[in-house]
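Working notes, beginning with the structure itself.
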Amino acid sequence: MLVTKQMQPNDYRVIFTTELGMKLFDFEFKDTSFTLHYCVPQFNKPALLKTIQKDIQILLMNDVKTEIFEVFTNPKDSCYVYRIKNNKLHNYYFLDQSNKLLVKIEHAKKNTKKTTFTLNNYSDNFPSNILIQHHDIKLKIELNLLKK
Amino acid sequence: MNKLITLVFLFFSTFLFAQIPAGYKPVKDTLAFKQKMEAQSKLVNTIESDFTQEKYLSVMSEKIITKGHFLFKKVNMLRWEYTTPLKYLIAINKDKMYIKDNGKVSKYDINSNKMFKSINEMMVNTVQGNLLTSKDYKAKYYENEKFYLLELTPLQKGAKDFLKVIQLYIDKTDYAVVKVKMIEPSDDYTMIDFSNRKTNQPIGDEKFIVK
């Protein structure tokens with residue numbers, strides 16, 4: 001289970017627990033900085049932590065406001081595509097042209113997709129399902145909204 | 001001078017009693033209690049109960065509430081099922097463990113993984129109130145008019161990392177575990193309240209196999 005709380009604008013606390021209540025991770029994302037408050041010893045692996053940290057950072061878009069971006073349109077799926085530089089990589093944010101909702105994020109290096117985020121079933125401008133699919137490692141995170 | 005003595009006395013008295021939960025006093029004859037608990041647990045072959053789980057995280061203003069139903073059958077069969085707000089099922093059948101998440105079933109061999117083994121032991125022993133005989137915990141015994149309160153402190157290093165103490169609330173009339181509170185080193189906790197508990201009703205073995 002994932003629990004998030006916005007402490008202040010641009011300051012998010014993100015906690016992962018198991019269904020049985022055991023806390024796995026406790027992260028804080030403030031502007032562009034990141035704090036690890038807790039991690040269960042079994043999962044305290046730098047590569048795993050870095051991957052999850054990056055995924056959530058891309059999703060929270062805390063760094064978006066400060067970056068310069070380019071906009072494209074894609075006639076094929078009627079989306080506005082915002083390209084934002086993220087270190088040496090690019091994040092592509094796909095906004096539906098009709099309702100301006102974020103439907104997809106692609107994290108890519110040159111032309112190779114590394115991670116795809118799919119956001120579905122919006123209600124009150126909030127997605128009910130988020131799927132994070134990594135293409136270079138075997139990791140898939142599926143988030144379903146329980147309560148707002 | 002008198003004031004000083006009072007202060008010193010107050011300090012010591014707080015220090016001495018700080019460990020005892022409010023409203024409870026230590027159980028005098030712990031051996032008799034343990035024997036009684038063990039004898040009662042032997043009489044129970046099946047348990048069926050609803051539960052409400054409350055997760056408290058100090059940084060969140062709201063508690064996370066999940067609800068469900070569980071079945072237990074001797075020896076070592078447990079079906080632990082969350083129904084609201086999410087569907088999630090863990091079933092233990094002797095040395096097999098099943099997890100059903102989002103309609104997808106995974107099956108594990110409990111002996112293949114140390115963590116599964118300790119989850120299994122903790123869940124099965126908690127619902128039966130059997131943890132008090134375990135060598136992995138140091139036990140303290142308290143009581144009030146209605147309940148016994150067992151405070152179990154894990155002794156093994158692995159468990160200590162994520163668990164400070166387990167509190168078991170046991171009904172004095174039937175020696176049933178009515179509430180479990182698992183407190184983490186950070187003082188965040190998970191509390192499980194049991195309700196509609198029925199014992200020794202027939203439960204078919206097929207309930208502990210998940211497809």
Side-chain angles (χ1 to χ4, degrees), chain A residues 1-30 33-45 48-49 56 60 118 120-121 123 126-133 138-148, chain B residues 51-68 70 78 80-90 92 99-104 113-116 118-120 122-123 126 157-164 166 180-192:
Chain A
M1 268 195 271
L2 181 141
V3 194
T4 66
K5 187 188 178 185
Q6 189 167 13
M7 317 297 274
Q8 281 164 33
N10 276 3
D11 183 1
Y12 295 88
R13 196 75 178 250
V14 179
I15 298 172
F16 288 74
T17 76
T18 66
E19 282 71 10
L20 290 168
M22 195 176 137
K23 196 158 63 182
L24 299 174
F25 306 109
D26 181 353
F27 300 137
E28 188 173 357
F29 299 89
K30 193 174 181 179
S33 76
F34 166 77
T35 317
L36 177 67
H37 288 284
Y38 176 78
C39 174
V40 73
Q42 289 91 327
F43 283 164
N44 205 341
K45 311 250 160 43
L48 176 68
L49 287 173
I56 296 169
L60 290 174
T118 321
N120 279 322
N121 299 323
S123 80
F126 201 88
S128 303
N129 312 98
I130 302 173
L131 179 73
I132 307 172
Q133 176 78 60
K138 216 182 147 190
L139 178 68
K140 193 170 107 175
I141 302 171
E142 196 182 333
L143 300 168
N144 298 308
L145 181 69
L146 292 173
K147 202 178 155 213
K148 210 165 22 169
Chain B
F51 66 84
T52 302
Q53 179 176 309
E54 199 181 290
K55 178 74 190 170
Y56 167 80
L57 294 160
S58 61
V59 288
M60 301 292 161
S61 40
E62 258 182 276
K63 286 172 184 159
I64 306 158
I65 312 280
T66 42
K67 288 180 185 188
F70 93 83
L78 180 77
W80 188 269
E81 186 168 21
Y82 295 91
T83 49
T84 41
L86 77 165
K87 302 230 180 306
Y88 188 87
L89 164 66
I90 299 176
I92 292 164
I99 294 178
K100 189 173 182 176
D101 184 11
N102 240 327
K104 227 170 64 191
N113 185 313
K114 235 174 120 183
M115 204 165 94
F116 286 154
S118 57
I119 293 174
N120 166 41
M122 198 171 101
M123 287 178 80
T126 304
K157 209 190 156 285
K160 264 197 216 165
D161 287 336
F162 55 86
L163 198 62
K164 186 159 91 176
I166 304 179
V180 181
K181 193 170 172 182
M182 288 168 279
I183 306 168
E184 296 167 26
S186 62
D187 282 332
D188 286 347
Y189 66 80
T190 307
M191 194 159 80
I192 301 169

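What you see below is based on every heavy atom in this structure, not just the backbone, and it leaves out hydrogens, waters and symmetry mates. Letters go in sequence order (proteins before strands), and every chain restarts at 1.
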Measure distances from [X] to the heavy atoms of chain A and classify the residue's part below 4.5 Å as side chain, backbone, both or neither.
X: B:L163; result: neither
X: B:I64; result: side chain
X: B:S61; result: both

Next on the checklist: With heavy-atom distances below 4.5 Å as the criterion, would you say the side chains of B:S186 and A:K23 are in contact?
Outcome noted: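 In contact.
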
Item to check | Any B:T66 side-chain heavy atom under 4.5 Å of A:M1 side chain | outcome: yes

Checklist entry - Quick one: salt bridge (Lys or Arg N to Asp or Glu O under 4.0 Å) partners of B:E54, sequence neighbours excluded? => result B:K63

Next on the checklist: Ignoring hydrogens, what is the shortest heavy-atom contact between B:T190 and A:L20? Give both atom names and the distance.
Outcome noted: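 Nearest pair, atom of B:T190 first, then A:L20: CG2-O, 3.8 Å.
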
Next on the checklist: If you count every heavy atom of other residues, nucleotides or ligands that lies below 6.0 Å from A:K5 atom NZ, does the total exceed 12?
Outcome noted: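 Check passes, neighbour count above 12.
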
Checklist entry - Measuring from A:D26:CG to B:D188:CG, what's the distance to the nearest 0.5 Å? => result 8.0 Å

Item to check | Nearest-0.5 Å distance, CZ of residue A:R13 to OG of residue B:S58 | outcome: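 Rounded to the nearest 0.5 Å, the CZ-OG separation comes out at 7.0 Å.
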
Checklist entry - Among B:Q53, B:M60, B:K55, which has the most heavy-atom pairs under 4.5 Å with chain A? => result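 Greatest number of close heavy-atom pairs with chain A: B:M60.
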
Next on the checklist: Quick one, A:E19 with B:L86, criterion side-chain contact (heavy atoms from CB on, under 4.5 Å). Give me CA distance, side-chain angles, the key distance, then yes/no.
Outcome noted: CA-CA 9 Å; A:E19 282 71 10; B:L86 77 165; 3.8 Å; yes

